[in-house]
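Below you'll find the structure, written out as structure tokens, and then a few comments.
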Number of protein chains: 2
Amino acid sequence: MTSTSARPLEHPQREEIRLEAVLHALSDPMRLRVVRYLSVLDDHDEAPCSAIELAVSKSTTTHHFRVLREAGVISQIYRGTAKMNKLRRDDLDALFPRLLDTILDADAAQRRRLA
Amino acid sequence: MTSTSARPLEHPQREEIRLEAVLHALSDPMRLRVVRYLSVLDDHDEAPCSAIELAVSKSTTTHHFRVLREAGVISQIYRGTAKMNKLRRDDLDALFPRLLDTILDADAAQRRRLA
DNA sequence: TCCATTGTACGAAGACCTTCGTAGTTTGAC
DNA sequence: GTCAAACTACGAAGGTCTTCGTACAATGGA
């Protein structure tokens, strides 16, 4: 059976999330790509780290996911050998209304423009 | 007479402005503070670097203003001994609709919350 | 002309960031 | 029990960021 492990993963509480940390987390192209990927999943759906192919080593991937988690942008949970990720949309929207969508829109606009 | 000097200052063209650079520029509390300050000026009004007191040395101040300029967030122009700054609102709004205001709103919300 | 004001250039220190490889842990399947 | 898959921990290299002090340049006013 695939179950959630007891291995602990530190997440900031909603009220501990800081705008500066969120902006810094999203200012890296690789991390923005992860967020873009997660943003198109159904709400409450989640993806393992391995689902998003980043052209870097596994340890670098781990690093970037951790930055996103510690900034409060994503939540992570172990399921079996996988570590599932999803956007903390509710928390971000509650703290910073429209911020996530506006940044994703800006990213989409830029990608369209530079295509 | 107070005139605009010929001293050159490099600014990215509108189409050279990158979302990642903007987010990175705004992810620093000191730089976000500068942008907050400039955002409440009347449109097309401008402020010298010295108008915003940051608790750091002059050279550090110069550095942060330069990061904002090179990211395309502000424009700078010499007037006499002063260097005047203003937000590149039109350019940012054209490229990334609502981004600047949404980030400023998020900043205001966070400051209210943590007050 | 001389000076105060405003900001720059440069070099350096120390912190932090991104990346990697290697070795290891945890889990579920066989 | 053994194995493969997924991910981590650690340490290190190389780069960038933030900060400073000192010395300097440009400007406008007395």
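Only heavy atoms go into these numbers, but all of them, side chains included; no hydrogens, no water, no symmetry mates. What you are looking at is a predicted structure, and each value in this text was computed from that prediction instead of being measured. Letters A, B, ... mirror the listed sequences (proteins, then strands); counts begin at 1.
If you check every strand for non-hydrogen atoms under 4.0 Å, B:S50 touches sugar and phosphate atoms only.
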Pairs under 3.5 angstrom, nitrogen or oxygen only, protein versus nucleotides 11-15 of chain D, please.
none

Would you list the protein and nucleotides 21-24 of chain C atom pairs, both N or O, that sit under 3.5 Å from each other?
from   : atom 1 : to    : atom 2 : distance (Å)
C:dG21 : N7     : A:S59 : OG     : 3.2
C:dG21 : O6     : A:S59 : OG     : 3.0

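Between B:R89 and B:D101, at least one side-chain N (NZ, or NE/NH1/NH2) sits under 4.0 Å from a carboxylate O, which counts as a salt bridge.
Nearest-nucleotide positions on DNA chain D place A:R69 closer to the 5' end than the other of B:V67 and A:R69. Both A:A55 and A:H24 sit near DNA chain C, but only A:H24 has its closest nucleotide nearer the 5' end.
Separating the CG atom of B:L54 from the P atom of D:dC20 is a distance of 11 Å, rounded to the nearest angstrom. Rounded to whole Å, the distance from CD on B:E53 to C1' on C:dT6 is 16 Å. If you take NE2 of B:H63 and C1' of C:dA13, they are 15 Å apart, rounded to a whole angstrom. For the pair B:I52 CD1 and C:dT6 P, the computed distance is 14 Å after rounding to whole Å. Taking atom CD of A:Q76 as the reference point, atom C1' of D:dA6 lies 13 Å away to the nearest angstrom. The interatomic distance linking B:M84 (CE) with D:dG28 (C1') rounds to 15 Å, in whole Å. Counting to the nearest Å, the P atom of C:dG7 and the CD1 atom of B:I77 are 14 Å from each other. To the nearest angstrom, P of C:dT27 lies 12 Å from CG of A:L9.
Atoms CG and CD, from A:L95 and A:E16 in turn, are 11.0 Å apart once rounded to the nearest 0.5 Å. Rounding to the nearest 0.5 Å places SG of A:C49 at 7.0 Å from CD1 of A:I74.
Inspection of the B:S59 and B:T62 side chains reveals no N or O donor paired with an N or O acceptor under 3.5 Å. In the model, B:N85 has no side-chain atom that pairs as donor or acceptor with a side-chain atom of B:E46 under 3.5 Å.
At most 12 non-hydrogen atoms from other residues, nucleotides or ligands lie less than 6.0 angstrom from CD of B:E53. Surrounding CZ of A:R14 are more than 12 heavy atoms belonging to other residues, nucleotides or ligands, all under 6.0 Å away.
Taking only side-chain atoms of A:T81, from C-beta outward, the nucleotide of C:dT26, C:dG7, D:dC7 with the closest atom is C:dT26. Each of C:dT19, D:dC7, D:dT19 was ranked by its minimum atom distance to the side chain of A:T60; first place goes to C:dT19. Counting only heavy atoms from C-beta on, B:V56 has its side chain closest to D:dC20 among C:dT5, D:dC7, D:dC20.
The shortest side-chain heavy-atom distance between B:H44 and B:K86 falls under the 4.5 Å cut-off. Two residues are said to be in side-chain contact when any heavy atoms from C-beta on lie closer than 4.5 Å; A:D28 and B:E20 fail this criterion.
For A:R66 and D:dC7, the shortest distance from a side-chain N or O to OP1 or OP2 is not below 4.0 Å. Applying the 4.0 Å criterion to OP1 and OP2 of C:dT18, one finds that A:R31 has a side-chain N or O inside that range.
Residue A:D107 forms a salt bridge (Lys or Arg N to Asp or Glu O under 4.0 Å) with just one option from A:R113, A:R36, A:R33, and that option is A:R36.
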